[in-house]
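Following: one structure in C-alpha cells, then a few remarks.
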Amino acid sequence: MKRRLSLLAAASSAIVLLTALPVRTARRPRYGGTLRVEIGTSIKSLDPAVPAANSGEEPAKEQIDSLIYDVLEPKSKFTVNGAFHVTAFEAGKRAALAATEDYRLGRPFVDSIEITMGRASRDRIVDLELNKADFAEIPAEDARRAAEHGVRVSRSRPDELLALVFLRGGEPKRSRAVDGRVREAIALSIDRAAIVNFILQKEGEPAGGLLPHWSSGTAFLFSTVADVVHAKELSAQIVPVPKIVLGYDSGDSLEQAVAERIAVDAREARVQLTAQAVRPGLENATDARLVRLRMQSKSPGLALEGFVDTLGTLTKIEEKALPDPASPEEIYERERAIVSSYRVVPLVWLPRVYGLSGRVRDWTPPGPGESWPLADVWLDEPVEAAVEEGKK
Amino acid sequence: MTFRTKLFLIFTLALVVSVGLVAAAVTEVTRRAFDQMNAQHSDALVAQFQREFAQRSEDVVHRVQGIADAEGTVRMAIDLSRPKGDVSVYVNDAAGVAKAHQLDFLDFISNDGSIISSAEWPARFGYKIDWVLQPEDWVARGSFLMKADTQEGPALALLSVSRVRVGDKDLYIVGGERLGREFIASLVLPTGMRALLYRNLDPTFQAADLIDSTGPATQADQFAAIVQKEQQEPGEQIAKINWTADAANAEVFHAMPLLGRQKELLGILLIGSSQHDVVTLQRQIMLLSVGVVGIGLLVGALLGWWGAARVTRPVRQLAEGAREVAGGNWNARVNVRGRNEIAQLAKAFNQMTEQLVDQRERLIQAERVAAWREVARRLAHELKNPLFPLQTTVENLQRAKERGYGEFEEVFHESTGILLAEIENLKNIVGRFSEFSKMPHPELGSVQLNEVVRSVVKLFEAQFGAVGRPPITPELHLDDHLPLIQADATLLHRALENLILNAMDAMPSGGVLMLRTSPAADGGVHLEISDTGTGLTSEECERLFTPYYTTKQHGTGLGLAIVQSVVSDHGGRIWVESEAGVGTSFHIELPKHPPRRSVSFPISFDYEKEKEKEPEPEKHKQEA
C-alpha cells in the first residue's frame, strides 16, 4: 500500500513539473529578446579602423566587431554588415546592438544585444548568478567558484598558453640575458600541477610544449613534472646565482599569482627570482615575462607559427618558417627546439570560460580564432512567461 | 712671592676647592638621580612591553582559537579528513580569514604539514611546514615568537597554533601578528624615551632590521655593537650611544632580548632614554657652579685680599722695620696694636732694636775708647823712640856746654845732626798717619789682576834674592782665563805691596811666597797670597786688620788696614787663614763690577766656627 501511494505521489509530481516548466530539448528556437552581455574591458571605439587602446581591449573589441562586421576573406580589411548593427554606444561603458534583419546569413535569433563594459570578474559572476546578465567571459580560475554559485559555465578547449619567456638581453632598460642553466633551473623548479590545481582551481592543463595535446597530439612528449633536485644541481653550478626579475601584467591577477608561485618554486631551487608587476606600455627592467599566447588557429602548424611570431619579438628563438604544409614531426621538432632552449617555458593551457544564464540556448564555445557565435544563440522565454503561455 | 700673596692664594684655593667639591657632589648626585630615574623609566617601559606582549599574546591565541572554532574551519577540517579531500578549494581562504581576524599571519596546514592556504605568502601553498608537526602541546604553549617567512622576506612574528582534529586527521591553524613598526608604535613612551626593535633574522647585524615606530631606524649602524653583543650572549644590557660630539645628544639604551621557542634570539627590544635633560641639567649645575665659583672667587679674592692684608700688615711692618734696621736705621720701630702673637713679636722687635741701638752705642763708645787708646799707645810708642835720642842729645849738649867751648862745638854739631834726623823721623811718623787718614777713592778702570800681580812681584824680585838675606822663592799660579775687573790698579798695587811686605817679614828665614789667582764664582777674581812663615795665633788673626795693630817691632799697624780699606772700597772681601808653624794665607775676592757705594764690612772673626771647621788647633782664619 505504501509503495502504491509513493508511486502515485511521484507520478502526480512529475505531471505538475512537466506542465509548469517548458521542455527545453523539445522546443524550437525562439526569436526575440535581448541578450545581456558583460565584458571586463572598456572599448573606446567600435570602428575596426581604430586600433585597440591596449592588448587587453583588443580581443573584446575583435569579438564585438565580429558581431557588427563580417570579414569575407581572412586577413582582409574589407567588411560587410554583420549580424548586428550598433544602435547606441557609450565609449568605455555600454553598447547596444540590434539584429540586422537582412543579414546575409539570416537574421539572428535575438532582437538585440546590450553590452556592459568594464565589469570586474567578480561582478560578472554575481550578475550571472543573479540573472542580471546572460553572457560573460569569466577568468578560468574563477570558473569553479562560479559553478559552485550556480552559474552555468561553458569551457572551450584549452587554447591559451601561459608561458614564461626570458627576454632578449641587451635591449635598452632590460637586464642582461639570463644564463641557460639558470633558465633551465627555473623551468625545472616550476610545479605546474600546483598552478593548475590551486591557482586555476583545476581549470586548464599543465603545459610542457607549445601546443595543446588536442591540437598537436604530441604534448605528452613534453614533461610537465618539476625536478627540483636537478634544478638545485644546476643552480649550484652558477656562482653567484643572479637575481632574476619576473614581470607580469599588473592588471592580471592570474599572472600575478602564477608569477609569485614561480618565485616560491625558484626559491626552492635556490634561485632568487622576484615577481614584479609591469604596467602595459611601460618599459620595465625585467629579465623574464609571463606571456599569454592565444592560438589563432586549430591547425598546429599555423598556431605554432603565430606563437613564434609573437615570441620572436620578445626572445631569441629561431624564426625559420615551417614548411607548408608541415608534417607533425616537423612541428614537433620545431616545438622541441624552442622549448629546449628554455627561453620559453610553457606553464599551463587555459580554456576560455563563459558564464551563461539559464535562458541562453544553442551556445557553442568558439574554437581558436573563432568569434563568439552570439548570432546563433536564442533566448528561452522567462519562466514566468512560459507559465503564462501554458495557462493560455 | 709675598706672605700676603701666599695667604691670598691659600684663601682663594680653599674657596675654589670647596665650591668645586660642592658642585661636583651636586652634579654627581643629580646624575645618579637621573640615572636612577632613567632606570626606573626603562624598567617601567620593559614592564609595559611585557604586559603589552602578554596581552597581545593572549589576544593572538584567542583569535587563532576563534578561527579554529569557526564553522568554516571545522567544515574545512571535515572536508580534508575525507579520503579524497580537495585542498585546492581552500587555497585563497587564509587571506580573507586573516583580514577578518586582523591577523598578519595565517596558515592553514594539513595533516602532513603542507600549507593549504597562506595569508602572508599565498603562493606558498603545497609547501610543508615541519615544525608544526612536532609533538607539542600548542594550547599550553600559547603564543611564541618566531621567524616567519613571507613573500617580502623573513619577518618577526608573534604566533599561536591551534589544531582542529577530525577523525584521525589534524588541521593546523597557525596565526599571528607581525612584530614590527606598529607594535613599537603601540607602546606608550614617556617624553625623551623611545623604543626600537631589532629583528634578528640574520646571523650578522643588518641595519635594515632595526626599526622604530616610524620605520627603519636612522643611524642604525651605531647599534651594531649592542646587537652583536646580544647575538653572542643574549641578556639584558645597558649601553650608551653618543650620536654626536655633544654629550646632550647621547642616548642610553636598555636592551632586552626576545627569545623564540627554542630560546633562540629572535629580536632585541631597545629602549632608549635621551641624555639631553640630564646633560642639560648637569650643564646648568655646572654653569651655576662656575658662576658661584666665579662670584666666590671674586668675593673670596676681595675677602682674602682684605684678610691677608689685615693679617700681614703687622708682619709687613715687622719686615719693613727689619729692613730699615738692616739698612742702618737703628731707630726703626714697628707700631702694632693688639695682643696677638704678631703684636707680641712686634713688641719684642721694638725691644730688640732698642737694645741693639743701646748696645751699638755702647760698643761704639767702647771701640772709640779702645781705638783712641790704641792710637795713643801707638803714638806713644812711635814718639817715644825719637824722643829718647832727642832727650839724650839735648843732655849731651848741656854737659858739653858745661865742660867747655871746644868740646861743645864738636858735640853741638854732632847733636844737631841727631836732632834733625830724629825730628825727620817724627815727621815721617806723622806723615804716615796723615796718609792713612787720607786714603783716596778708587779710580776704576779695566784691570787684569794677573798683570798687577806680576808687576808687584817684579818690583820685589831684587829683595827676594838680596845678598845677606835668606832667599824667598816666589811661586805664581796665575789663571790665564782670569776676567777683567773694574778696579783701581794703583790701589791694588799698593795693597799687594803691603801683603808681600808682610809675607817677607813673616819669613825672616826665607821660604816660599805663593801667589794664586782664579776666577771667582760671581764672575769676579780670587787672589791668594801665602807664605811659609811662622803663622799667626788666633788673637793675632782676630786683631790683624785693626788699624795701628802690629806684631812687628817697627810696624805702624796700618799696612793691613790699608789693604782691607782698598778691598772694601772695591766691594770685595778679604780673609786670612793661618796655621802656626805652617804659614799664613791671605784671600782676596774682588767683584767684576764694584758697587757704586762700597760698604765697609766690620771686622769679625768667628773663632769657634773656624775651630769647628779646622780641627787643627793652631790654624786660624780671619775675615775682614
Side-chain angles (χ1 to χ4, degrees), chain A residues 121-122 125 139-149 164 186 189-206 225-226 228 231 243 245-246 248 252-270 272-277 290 347-348, chain B residues 71-72 75-76 78-80 82-100 104-131 147-155 171 174 201-202 204 206 208:
Chain A
S121 164
R122 183 178 297 273
I125 293 169
E141 63 270 25
D142 291 335
R144 183 173 180 175
R145 186 164 57 87
E148 286 174 353
H149 286 76
L164 187 158
I186 293 171
S189 70
I190 298 170
D191 185 355
R192 293 171 176 80
I195 294 173
V196 170
N197 291 332
F198 286 86
I199 297 174
L200 290 171
Q201 291 289 293
K202 299 185 176 176
E203 295 288 340
E205 298 169 2
V225 180
V228 180
K243 293 180 179 177
V245 178
L246 172 60
Y248 60 87
D252 193 328
S253 60
L254 175 63
E255 282 191 19
Q256 179 181 355
V258 171
E260 288 172 355
R261 178 63 187 192
I262 290 171
V264 175
D265 291 339
R267 183 170 174 264
E268 283 298 303
R270 301 195 184 101
Q272 293 187 52
L273 188 144
T274 309
Q276 179 180 300
L290 284 182
L347 300 173
V348 288
Chain B
E71 186 184 346
R75 190 179 300 280
M76 185 192 302
I78 293 169
D79 284 353
L80 297 178
R82 292 185 180 123
K84 292 186 179 178
D86 185 3
V87 297
S88 66
V89 182
Y90 305 102
V91 71
N92 295 319
D93 284 13
V97 176
K99 194 172 181 181
D104 300 316
F105 297 87
L106 183 63
D107 293 316
F108 291 114
I109 297 169
S110 68
N111 191 59
D112 63 350
S114 299
I115 298 172
I116 297 168
S117 179
S118 174
E120 68 276 8
W121 200 350
R124 206 160 168 243
F125 55 82
Y127 283 93
K128 289 194 174 181
I129 294 179
D130 294 330
W131 60 265
K147 182 174 131 182
D149 290 326
T150 69
Q151 198 164 344
E152 294 78 25
L171 171 67
V174 180
L201 307 173
D202 198 276
T204 57
Q206 300 294 324

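Lettering follows sequence order; numbering is per chain, from 1. Atom set for the values below is all heavy atoms of this structure, side chains included, hydrogens, waters and symmetry mates excluded.
- What you find for B:Ala123 and A:Ala257 is that their closest heavy atoms are CB-O, 4.5 Å.
- For the atom pair CD1 of B:Ile116 and CZ of A:Phe198, the computed distance is 8.0 Å after rounding to the nearest 0.5 Å.
- Here the shortest heavy-atom pairing between B:Ser88 and A:Gln201 reads O-NE2, 2.6 Å.
- In this structure, CZ on A:Arg267 lies 3.5 Å from CH2 on B:Trp121, to the nearest 0.5 angstrom.
- Annotation for A:Arg144: atom CZ counts as buried by contact number, over 12 foreign heavy atoms lying within 6.0 Å.
- When heavy atoms are compared at a cutoff of 4.5 Å, A:Arg145 does not approach chain B at all.
- Neither the backbone nor the side chain of B:Asn92 comes within contact range of chain A, judged by heavy atoms closer than 4.5 Å.
- For A:Asp265, the parts lying under 4.5 angstrom from a heavy atom of chain B are both the backbone and the side chain.
- For B:Glu152, the CD atom is densely surrounded, since the number of other residues' heavy atoms within 6.0 Å is greater than 12.
- Neither the backbone nor the side chain of A:Gln256 has a heavy atom closer than 4.5 Å to any heavy atom of chain B.
- Atom CZ of A:Arg261 and atom CZ of B:Phe125 lie 4.0 Å apart (nearest 0.5 Å).
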